[in-house]
Amino acid sequence: MAHNAAGAFGVPAGPVEAAPVGFRPGDEQGAILRDILHAAGVELGAYDERIVRWFAEFADWSTFAVMVSWVARAAQREPVPGVALPSRFDAPPAEVDQHLRRILAEDTYLRYQQCIGGHAVREAAKDLRMEAAEAQAHGHLAAATTTVEAANYIDPFKGGGPYPFQLLCSQHNGFGPCPGAPACTPREDDGRPR
């Protein structure tokens, strides 16, 4: 769609298909840019003003008009609706799982699960070590040694893990390994698992 129709100040009002033709002196370009930024709701600081002056002085009209057109068109757009976020206070785990599957790539989501799972297993390993210390205090040295070895074996911070090693999913019998990943991941287009 060819569009170089001029809007306010001769700045293109839509997609630019050819270099805008013309000339404006630097002080006029600066005034245009300030007006466009003001209309877009952009508040300028001292350094912003310095860059406005520099850009207006050194940019030729074709470059200046296109870049200012981007600002003007972006300011006129309807805001993009945000992603509805599940409440962190009352969202069930399955809802959080489906939300994260929609916004994260599968490998990123697996690393996220591994980070949380690793910390949970580390806490379990700490609990085992505390039980081992109690067993040792009561003279059960063999049990204490075995328990510490088990704790060290599973602790991802001592070489165990990763936990989980496969993506977990709320779509299959609660949370468990996902046999259909990534096919069961809900998508934005229909919100249903595939």
Side-chain angles (χ1 to χ4, degrees), residues 37 40-52 55 67 70-71 73-194:
L37 290 169
V42 177
E43 184 178 339
L44 298 177
Y47 190 72
D48 293 320
E49 282 288 344
R50 180 177 169 190
I51 297 304
V52 165
F55 183 58
M67 296 196 63
W70 295 342
V71 174
R73 287 183 279 155
Q76 293 172 354
R77 274 184 70 208
E78 288 293 321
V80 177
V83 175
L85 301 175
S87 168
R88 65 185 182 130
F89 297 110
D90 58 8
E95 187 178 324
V96 173
D97 173 64
Q98 288 194 11
H99 173 72
L100 291 175
R101 284 175 171 275
R102 276 194 283 279
I103 65 170
L104 298 175
E106 184 176 326
D107 62 327
T108 303
Y109 189 37
L110 175 59
R111 287 193 305 273
Y112 168 78
Q113 286 184 350
Q114 288 172 341
C115 180
I116 292 173
H119 284 284
V121 172
R122 183 178 192 199
E123 289 298 314
K126 283 181 184 178
D127 291 345
L128 285 173
R129 287 188 194 95
M130 288 192 313
E131 286 182 23
E134 192 172 314
Q136 186 176 8
H138 287 80
H140 305 291
L141 298 179
T145 301
T146 302
T147 305
V148 168
E149 288 173 358
N152 290 342
Y153 181 76
I154 66 168
D155 189 343
F157 293 85
K158 294 191 178 272
Y163 301 102
F165 66 92
Q166 182 180 351
L167 187 64
L168 299 182
C169 179
S170 66
Q171 305 294 313
H172 312 287
N173 302 322
F175 277 92
C178 185
C184 71
T185 300
R187 300 286 176 219
E188 287 299 322
D189 56 352
D190 63 5
R192 292 178 299 155
R194 293 187 179 193

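Other residues, nucleotides and ligands contribute over 12 non-hydrogen atoms within 6.0 Å of the CZ atom of Phe157. Surrounding CD of Glu49 are more than 12 heavy atoms belonging to other residues, nucleotides or ligands, all under 6.0 Å away.
The shortest side-chain heavy-atom distance between Phe55 and Met67 falls under the 4.5 Å cut-off. Between Leu110 and Gln114, the closest side-chain pair of non-hydrogen atoms falls below 4.5 Å. No side-chain heavy atom of Thr147 sits under 4.5 Å from any side-chain heavy atom of Arg129. Contact of the Leu37 side chain with the Leu44 side chain is registered, since non-hydrogen atoms from C-beta on lie closer than 4.5 Å.
Remark: the backbone N or O of Leu104 is not paired with any side-chain donor or acceptor of Thr108 at under 3.5 angstrom.
The nearest pair of heavy atoms linking Ala144 to Ala132 is CB-O, 3.3 Å. Considering all non-hydrogen atoms of both residues, Gln136 and Leu141 come closest at CG-CD2, 3.6 Å.
At a threshold of 4.0 Å, the pair Lys126-Asp155 does not count as salt-bridged, since none of the basic side-chain nitrogens sits closer than that to a carboxylate oxygen.
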Could you check Ile154 against Leu128 for side-chain contact (heavy atoms from CB on, under 4.5 Å), going step by step and ending with a plain yes or no?
-> CA-CA 10 Å; Ile154 66 168; Leu128 285 173; 4.1 Å; yes
